[in-house]
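Lettering follows sequence order; numbering is per chain, from 1. In this text, all values refer to a predicted model and were calculated from it rather than measured experimentally. Computed over heavy atoms, backbone and side chain alike; hydrogens, waters and symmetry mates excluded.
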Amino acid sequence: MASAGDVHMQDADQPMANGTLPNGPAIKRERDEDDDDMPLGQALRQPAPKKAKVSASPSKDDDDDDDDMPISSSRPKEKPKAAAKRTDNKGDKRKDLKPDKANGARRSPSPSPASSVKANGAARAAPKARATAKPKRVIVKTEADFEPLNCWWEKENLGASKGVKDTTKQWDYLEHHGVIFTPQYEPHGVKIRYDGEPMALPPDAEEVANFWAQQLDGDRVGKEKFRTNFWKAFKSKLPKDHPIKSIDKCDFRPIKQHLDADKERKKNRSKEEKEEEKKQKAAYDAPYQFALVDHIREKIGNFRVEPPGLFMGRGEHPKQGQLKGRIFPEQVTLNLAKDAPVPRIPNDGPPGHAWGDVHHNNTSTWLAWYKDTINGAVKYVFLGAASGFKGMSDFLKYEKARKLKDYIGAIRDDYARKMKSKDQEDRELGTAVYLIDFLALRVGGEKDTEEEADTVGCCSLRKEHITFEDGYKITLDFLGKDSIRYHQTSKIEEIAYHNLKSFCKGKKDDEDIFDIDPARLNKYLKELMPDLSAKVFRTYNASVTLQQQLDKIGEKGVDVSKPDELLSFYNDCNREVAILCNHQRSVPKGHAASMEKAQKKLDELNEDIQEVEDYLEYLRTGKKKKTPKVEKKEEGEKERKPVVKDGMKEDAAKKKLDTLKSQRSKHELTMKMKDDNKAVALSTSKINYMDPRITVAFCKKYEMTIEKVFNKGLRTKFPWAMYSKSDFVF
DNA sequence: TCGTATACTTAGAAGAGTACGA
DNA sequence: TCGTACTCTTCTAAGTATACGA
């Protein structure tokens, strides 16, 4: 942890002192090809003009090196231009959107897609902008286009809310084009076989049969629940007097073959055809991809309503296989500014429909919602991960976790005291919070197992999920979120061990260990720290673990001059976090074969190295040693060429040896990384739990390219973190 | 106080896109 | 050039947190 006198370290309570950015060194970044070009989208961008640097305690270093640069060195140069355009365009943009006040809810039809495209995003470039800065070329989609349009982290008083999200007003102006609906079903007329005979299906039933046929290669069709739920759905689409009476006599393979052939045909189209279709799709989607939030263009996350299909609940979900119905405009509620035009329904959508409702709720960030036909759950349309809403929320989440760092000592003392209390509820609270903190468990809300999969978290753990072992060890074995199994044995505090034993005493296997619920637990946490809830512990512990693991770089003997070693080390640290949070993934299908192949390549590299070493030995001693290239070749395998050329000089051979050895160590590292990570999902903790500033600081400190650890999605999600200094400490 | 509604965040899988090596 | 492997994006299920109303 940095000392109080360390001017670079930001206080958790003061995320950005004086509204300024910490001016860390520029992160080493592989150059993007488009950096020199100025896409049209950039002309529309509205980055806040860079303020004069005000630092709590500016040092000379801050001014002299290129620490001021965030992630892209080309961006600051363009800022003044963009800022100037911003002032000019603000009004123009609104005019170009052609507000249609008469177009209220429940009206249609809509304009042609072409006109909608014109009215959107990049294509809406203001004429003034074109006059002042002619772009070199028009690019529809570049990384630069999706750099944040809303540089919210450059705003003044960002720390004013002190880590608490402002739950009042979220926006002053909100405008968007609504959502895209699933096109109407077009029947193909392929018959299934019923009891061996071809059988035609009504279009509605045929559509449902398609959903089933698409699953024929998977495991789901073998699941009883999936099968019976599907059968109910399928039967409901057949007329009462239809001869199909049993799923067991249905053979859906003809439809499967038809769908596969269609897929194959699509795959085999010419490059030009594929590009043309892609272009058309992009043009169609364009108006729906962005929203205007306070006149800043923001990307929308999910602008397409979920298409009909079979419900794919995870694990043993009782509703798996049920039919998810088609969503129509009447089911959709939009959220727009009062003075924003109500969008028209796409003219190729279902005819004669209208929006369900239009709200003007500026305390929320949702753009639209509709209800899921399976559970009645609300499906929201939100802005994308790189938007200001999500970015700010993320930033505050990590600030809250950093704030917990200041409280954690007192909190741990308090729940330790509670664990020893004579009061049953106190002992339960203390023990539950201990498990949440120590084992990074989720809080575990109560579930209706008739309607949902039987998964649990801390508060909903049952006696059957725990076994007690000697040495104060417990084994927890349960299905957590997404029916992912948590199965770990951990040595816990003696008092927690005894408490858990006593909570289980006299209970049946299917009874809850704790009598407290998440609301009670969170109420207790709020007594210890404002706005603290159980989930903050996962963010806190994930970030702390990453920081601690990275800090061990010295003791692990990592050669920091080797990028591969650095990456491998970072991934090892990341994996520790993923294991802590129990982030698993299914082992990729071809993993075993892929490892076998990699092993073969390693064997070949070893043989090549041996060959060169023998040759060098021969040059030194004059004694020849014959090393067979491959002792036993498989049938059809080609003879490998020798790596030592006739008359090869000693220097050349030594150079070759070095190259081969370096290739081998790189290959070994890659193999190890691949095998170690085969069942661990590293991305979940990167996206949701580990403070990105820790990673950015690590990359800066060791001059590792950020692209190696943060893909494009993460770089656009965490623009605010790219400024972190190399000595940032969580 | 409790159940329900609302508003989000977190999660793994699937599919699309791209890079790379034979 | 083609097939394979890897990466990235999209999709949507499944959690948590809290406001709200009876």
Side-chain angles (χ1 to χ4, degrees), chain A residues 141 146 165 167 170 214 218 263 266-267 274 278 281 285 299 301-307 309 311-315 317 319-320 324 333 335 359 361 363-366 369 371-372 374-385 389-390 393-394 397 436 442-448 452-453 455-460 479-484 517-523 525-526 531-539 542 578 581-586 588-591 593-594 597-598 601 638 670 674 679-689 707 710-717:
Chain A
K141 256 173 120 180
F146 298 134
K165 194 175 170 186
T167 51
Q170 301 281 351
Q214 279 160 348
K263 212 169 162 183
K266 264 182 120 180
K267 206 174 120 190
K274 281 181 191 166
K278 202 175 154 189
K281 188 177 172 285
D285 287 355
K299 213 173 170 216
N302 50 330
F303 50 87
R304 226 180 290 279
V305 299
E306 291 174 16
F311 177 67
M312 301 294 182
R314 314 248 164 97
H317 200 294
K319 292 187 176 180
Q320 58 180 304
K324 240 171 64 159
T333 297
N335 197 18
H359 286 205
N361 178 0
T363 62
S364 299
T365 64
W366 56 268
W369 65 260
K371 275 196 177 170
D372 176 299
I374 298 284
N375 300 306
V378 176
K379 301 276 184 170
Y380 290 93
V381 174
F382 287 114
L383 292 182
F389 285 163
K390 298 286 184 193
S393 173
D394 251 3
K397 174 181 79 182
I436 284 169
R442 293 186 188 84
V443 68
E446 207 181 322
K447 293 182 83 181
D448 179 356
E452 297 168 280
T455 62
V456 299
C458 185
C459 293
S460 46
L479 294 181
K481 184 180 178 183
D482 293 321
S483 295
I484 298 290
D517 63 11
R520 177 69 192 93
L521 191 139
N522 283 332
K523 195 179 162 221
L525 293 177
K526 277 174 187 56
D531 303 303
L532 182 63
S533 64
K535 78 195 266 286
V536 183
F537 282 91
R538 271 169 79 84
T539 315
C581 296
N582 201 38
H583 291 147
Q584 300 180 29
R585 62 168 185 162
S586 46
K589 273 178 198 163
H591 179 77
S594 167
K597 216 170 152 184
K601 194 181 166 188
K638 279 184 191 168
T670 311
K674 202 162 139 181
V680 184
L682 296 184
S683 60
T684 311
S685 46
K686 247 187 228 178
I687 296 168
N688 301 299
Y689 287 106
E707 280 83 352
F710 277 4
N711 63 23
K712 198 170 92 180
L714 285 170
R715 295 195 302 276
T716 51
K717 181 177 155 78

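No engagement by A:S683 is indicated, since no non-hydrogen atom pair under 4.0 Å with the nucleic acid exists. A:K674 comes within 4.0 angstrom of the backbone, heavy atoms only, and of no base. Within the 4.0 angstrom heavy-atom criterion, no nucleotide atom of any strand lies near A:K281. Across all strands, A:G480 comes closer than 4.0 Å only to sugar-phosphate atoms, never to a base (heavy-atom distances). Within the 4.0 angstrom heavy-atom criterion, only backbone atoms of the sugar-phosphate kind lie near A:G444; the bases stay farther away.
With C:dC6, C:dT9, B:dA7 as the choices, the nucleotide that has an atom nearest any side-chain atom of A:S594 turns out to be C:dC6. Here C:dT9 is the nucleotide among C:dT9, C:dA13, C:dG15 with the atom lying nearest to any side-chain atom of A:K712. For A:F311, the listed nucleotide lying nearest its side chain is C:dA13; candidates were B:dT10, C:dA13, B:dG17. Among the nucleotides B:dT10, C:dT9, C:dT18, the one closest to any side-chain atom of A:K526 is C:dT18. The side chain of A:D372 approaches C:dA13 more closely than any other nucleotide in the set C:dC6, C:dA13, C:dA17. When each of B:dA11, B:dC8, C:dG15 is scored by its nearest atom to the side-chain atoms of A:R538, the top-ranked nucleotide is B:dA11. With C:dT9, C:dG15, B:dT10 as the candidates, the nucleotide lying closest to the side chain of A:Y689 is B:dT10.
Aromatic ring pairs are classed by plane angle as parallel below 30°, tilted from 30° to 60° and perpendicular above 60°; the pair A:H317 and A:F311 is perpendicular.
Under a 3.5 Å cut-off, the side chain of A:S483 and the backbone N or O of A:L479 do not form any donor-acceptor pair. Between the A:R585 side chain and the A:A681 main chain, no donor and acceptor come within less than 3.5 Å of each other. One N or O on the side chain of A:D372 and one on the backbone of A:I374 form a donor-acceptor pair closer than 3.5 Å. Remark: the backbone N or O of A:Y380 is paired with a side-chain donor or acceptor of A:N302 at under 3.5 angstrom.
Mapping A:V443 and A:D482 onto DNA chain C via the closest heavy atom, the residue that lands nearer the 5' end is A:D482. Ranked by how close their nearest DNA chain B nucleotide is to the 5' end, A:Y380 and A:R442 are led by A:Y380. Taking the nucleotide of DNA chain C with the nearest heavy atom to each of A:A534 and A:H317, the more 5' of the two is matched to A:H317. Of the two residues near DNA chain B, A:N361 and A:K523, the one whose nearest nucleotide lies more 5' is A:K523.
More than 12 non-hydrogen atoms from other residues, nucleotides or ligands lie less than 6.0 angstrom from NZ of A:K526. A:K319 NZ: more than 12 foreign heavy atoms inside a 6.0 Å radius.
Between B:dC8 and A:T365, a contact under 4.0 Å exists linking OP1 or OP2 to a side-chain N or O. Remark: A:K481 is not in phosphate contact with C:dA13, judged by side-chain N or O atoms under 4.0 Å from OP1 or OP2. A close approach under 4.0 Å does occur between a side-chain nitrogen or oxygen of A:K390 and OP1 or OP2 of B:dT9. The side chain of A:S364 places an N or O atom within less than 4.0 Å of a non-bridging phosphate oxygen (OP1 or OP2) of B:dA7. Between A:T684 and the phosphate of B:dG12, there is a side-chain N or O to OP1/OP2 separation shorter than 4.0 Å. Within the 4.0 Å cut-off from OP1 or OP2 of C:dA13, at least one side-chain nitrogen or oxygen of A:K379 is found. Between A:N522 and C:dA17, a side-chain N or O to OP1/OP2 separation shorter than 4.0 Å is present.
Whole-Å rounding puts the A:H583 NE2 to C:dG15 P distance at 13 Å. In this structure, the CZ atom of A:R520 is 16 Å from the C1' atom of C:dA17, given to the nearest Å. For the pair A:L532 CG and C:dT18 C1', the computed distance is 14 Å after rounding to whole Å. In this entry the distance linking CG of A:N375 with P of B:dT4 reads 15 Å, nearest Å. Atom P of nucleotide B:dG17 and atom NZ of A:K274 are separated by 9 Å, given to the nearest angstrom. As a whole-Å value, the separation of A:F389 CZ from B:dT9 P is 11 Å. In this structure, the CD1 atom of A:I687 is 10 Å from the C1' atom of B:dG12, given to the nearest Å. Distance, A:F382 CZ to B:dC8 P: 5 Å, rounded to whole Å.
Looking only at atom types and distance, the side chain of A:T539 has no donor-acceptor partner in the side chain of A:K397 under 3.5 Å away.
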Show the distances under 3.5 angstrom between N or O atoms of the protein and N or O atoms of nucleotides 20-22 of chain C.
none

Measure all distances between protein nitrogen or oxygen atoms and nitrogen or oxygen atoms of nucleotides 13-16 of chain B, and list the pairs falling under 3.5 Å.
| residue | atom | partner | partner atom | Å |
| --- | --- | --- | --- | --- |
| B:dA13 | OP1 | A:S586 | OG | 3.3 |
| B:dA13 | OP2 | A:S586 | N | 3.3 |

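One distance of note links OG1 of A:T365 with CD of A:Q170; it measures 6.0 Å at 0.5 Å rounding. One finds the CH2 atom of A:W369 at 11.0 Å from the CG atom of A:N335 (value rounded to the nearest 0.5 Å).
A:K717 approaches A:I687 most closely through the heavy-atom pair CE-O, 3.1 Å.
With a 4.5 Å cut-off on side-chain heavy atoms, A:C581 and A:T684 do not count as touching.
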